[in-house]
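Down below is the structure, laid out as structure tokens.
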Amino acid sequence: MIDLAAIQAARARLHGQVHKTPFTHSRTLSDILGAEVWLKFENLQFTASFKERGALNRMLALSPQERAQGVIAVSAGNHAQGVAYHAQRMGVPAVIVMPRFTPTVKVANTRRFGATVVLQGDTFDDAKAHGYQLANERGLVMIHPYDNEAVIAGQGTLALEMLEDQPDLDTMVIAIGGGGLISGIATAARAIKPGIEIVGVQTERFPAMYAAMHGVDMTPGHYTIAEGIAVKSPGAITQDIVRRLVDRIELVSEADIEHAIVVLLEIEKTVVEGAGAAGLAALLHDQAAGAGRFRGKRIALVLTGGNIDPLMLGELIERGMVRAGRLARIRVDLRDLPGALAHATKLIADAHANITEVHHQRAFTALPARNVEVDFVLQTRGPEHIEEVIAILNAAGFAASNHDH
């Protein structure tokens, strides 16, 4: 079994080869959530993810013959980059099998580290079957992303760092995919501080570990923004550790994760991918539901990775602005006469809202002839400002309404 000594040995092996990332108190998130919140910035690792800890610890145990033969890994991206980068540093040939949906930024980065990338299957589990087939055919050593004792011990080094920097933590909120990260962290944290609370977080669309712990069948979804934790079946080793050492697992929605990504960007000025925001998503969801399960606690969150597609990030920022009322779509009914549109846009400008899009609709409308619907997308200060703009337009004789709802 993996124990504290194995994790301490892993830390000694990894010293100088992976970063000891910052672990800092977030005053703003603490104020918002009514708890003391500490963030572990694993998105600042060289490959922008914690995964290289476990990958390197496993690869340092390879025999000279295994190093010469090469390694293979199956990964939706972050484990892949960790294996590829450290294999390149160690002079070990690496093959990486990835599901076809893997974000292009992760595929490109993995290739950049010199690995041979094979895209196969729609999910992690489909890719895994192909990976084992290739490993057998070519005599390669499989570096499993989570269900391996050396990998779990490597991930557990995070708990040593966090408790060293902040010994009085009482709760750790950790994302779960296959369970390697939470297994390593729980093993180390419980050995150092037996009373610490360990909370796992999964996305509603891939609740495999949650289902296993509760003894229920839950059909996984097809896609999640947190593709780093989109695992259909948890590991055997990790499942046993989670059952023994984790207090509970919470489920978060896609909207919770999106919100958490934007909050971290706005408040902490840090970029995280979906899986990296899962812990904060659980805290924000708990607060919105009024459950208060984290109130007053000293909480560690691991920002597990930062490999998010820039186009996806741009989309999430826009959607976040809509949720915050900073980007709004209003519909205005106008008479189809010269100057009517100009009058409406002047009223909007005088109300200090900025127009970013205008869509003029004549045919697809139930309005009488010689009337048009115009949709405006506006940058505003917030929900009250939107209502103010609508009131000004209505007072001037235009029928205006918020078209977001």
Side-chain angles (χ1 to χ4, degrees), residues 21-44 158 162-163 165-166 168-176 182 185 196-204 225-226 229 247-306 308 312-328 379-387 404:
T21 52
F23 186 51
T24 57
H25 180 255
S26 173
R27 188 183 304 175
T28 305
L29 287 178
S30 298
D31 289 346
I32 291 169
L33 293 162
E36 293 305 310
V37 178
W38 295 77
L39 303 176
K40 183 65 167 164
F41 287 87
E42 284 295 287
N43 56 336
L44 299 181
L158 269 162
M162 291 190 289
L163 285 166
D165 288 352
Q166 197 57 37
D168 63 349
L169 292 170
D170 52 34
T171 306
M172 291 183 175
V173 182
I174 310 296
I176 302 177
I182 199 167
I185 284 177
I196 197 164
E197 182 181 34
I198 309 285
V199 179
V201 184
Q202 289 206 292
T203 159
E204 290 172 350
I225 188 176
I229 51 174
D247 291 290
R248 67 178 189 274
I249 300 174
E250 305 210 340
L251 299 181
V252 292
S253 69
E254 298 296 294
D256 293 331
I257 296 169
E258 284 188 28
H259 180 43
I261 291 171
V262 176
V263 166
L264 285 163
L265 189 66
E266 277 208 285
I267 291 174
E268 294 301 324
K269 312 297 180 273
T270 196
V271 174
V272 297
E273 60 192 88
L280 179 59
L283 266 57
L284 292 168
H285 176 84
D286 178 86
Q287 185 195 45
R293 298 176 90 174
F294 298 103
R295 181 160 291 279
K297 297 194 169 166
R298 293 184 294 276
I299 302 167
L301 297 180
V302 180
L303 307 182
T304 55
I308 188 168
M312 169 69 79
L313 187 61
E315 193 179 315
L316 294 182
I317 292 168
E318 279 207 315
R319 286 160 65 99
M321 294 304 100
V322 171
R323 276 198 299 273
R326 306 249 297 276
L327 198 61
Q379 291 172 340
T380 62
R381 292 189 299 271
E384 297 82 7
H385 192 196
I386 298 167
E387 294 309 316
D404 284 342

To the nearest 0.5 angstrom, please state how far the CD atom of E258 sits from the CD1 atom of I317.
12.0 Å
What pair of heavy atoms forms the shortest contact from I229 to I176, and how long is it?
CB-O, 3.5 Å
As a test of understanding, state which of L283, T28, L29, V272 forms a side chain to side chain contact (heavy atoms under 4.5 Å, CB included) with V263.
L29
Looking only at heavy atoms, the pair that brings I257 and A277 closest together is O-CB, 4.1 Å
For atom CZ of R27, decide whether the heavy atoms of other residues, nucleotides or ligands shown that lie under 6.0 angstrom number more than 12.
no
Can you name the nearest heavy-atom pair linking T203 to L251, along with the distance?
O-CD2, 4.2 Å
Just checking, is any N or O donor in the side chain of S253 or D256 under 3.5 Å from an acceptor N or O on the other one?
yes
Considering non-hydrogen atoms only, spot the tightest contact between G274 and A226 and give its length.
C-CB, 3.7 Å
Looking at R295, I'd like to know if its CZ atom is crowded, meaning that more than 12 non-hydrogen atoms belonging to other residues, nucleotides or ligands lie closer than 6.0 Å.
no
Report the C-alpha separation of L169 and L163 in whole Å, then their side-chain angles, then the decisive distance to 0.1 Å, and conclude whether the side-chain contact (heavy atoms from CB on, under 4.5 Å) test is met.
CA-CA 7 Å; L169 292 170; L163 285 166; 4.2 Å; yes
Go through I185 and V302 one step at a time and tell me if the side-chain contact (heavy atoms from CB on, under 4.5 Å) criterion holds.
CA-CA 10 Å; I185 284 177; V302 180; 4.2 Å; yes
Atom of G306, atom of E273 and distance for their closest heavy-atom approach:
N-OE1, 3.4 Å
Residues I308, I261; criterion side-chain contact (heavy atoms from CB on, under 4.5 Å); working and verdict:
CA-CA 10 Å; I308 188 168; I261 291 171; 4.3 Å; yes
Given the options T171, V173, I299, E197 meets side chain to side chain contact (heavy atoms under 4.5 Å, CB included) only with T171
Before giving the answer on side-chain contact (heavy atoms from CB on, under 4.5 Å), spell out for F294 and L33 the whole-Å C-alpha distance, their side-chain angles and the decisive distance to 0.1 Å.
CA-CA 8 Å; F294 298 103; L33 293 162; over 6 Å; no
Could you tell me the separation between the NE2 atom of H259 and the CZ atom of R319, rounded to the nearest 0.5 Å?
13.5 Å
Decide whether N43 and T270 meet the rule of one side-chain donor and one side-chain acceptor closer than 3.5 Å.
yes
Between K40 (side chain) and T21 (backbone), is there a donor-acceptor pair under 3.5 Å?
yes
For the CG atom of L39 and the CG atom of L264, what is their distance to the nearest 0.5 Å?
6.5 Å
With H25 as partner, the option from E36, Q166, R298 fulfilling side-chain hydrogen bond (donor to acceptor under 3.5 Å, both in side chains) is E36
Mind checking whether L327 and T380 have side chains closer than 4.5 Å, heavy atoms only?
no
Say whether, by atom type as modelled, one donor and one acceptor occur between the side chain of D286 and the main chain of R293 under 3.5 angstrom.
yes
Give a yes or no on whether the backbone of W38 and the side-chain of S26 come within a donor-acceptor separation of less than 3.5 Å.
no
Looking only at non-hydrogen atoms, find the nearest pair between M162 and F23 and report the distance.
O-CE2, 3.6 Å
Judged by atom type as modelled, is there a donor-acceptor pair below 3.5 Å linking the side chain of Q202 to the main-chain atoms of I249?
no
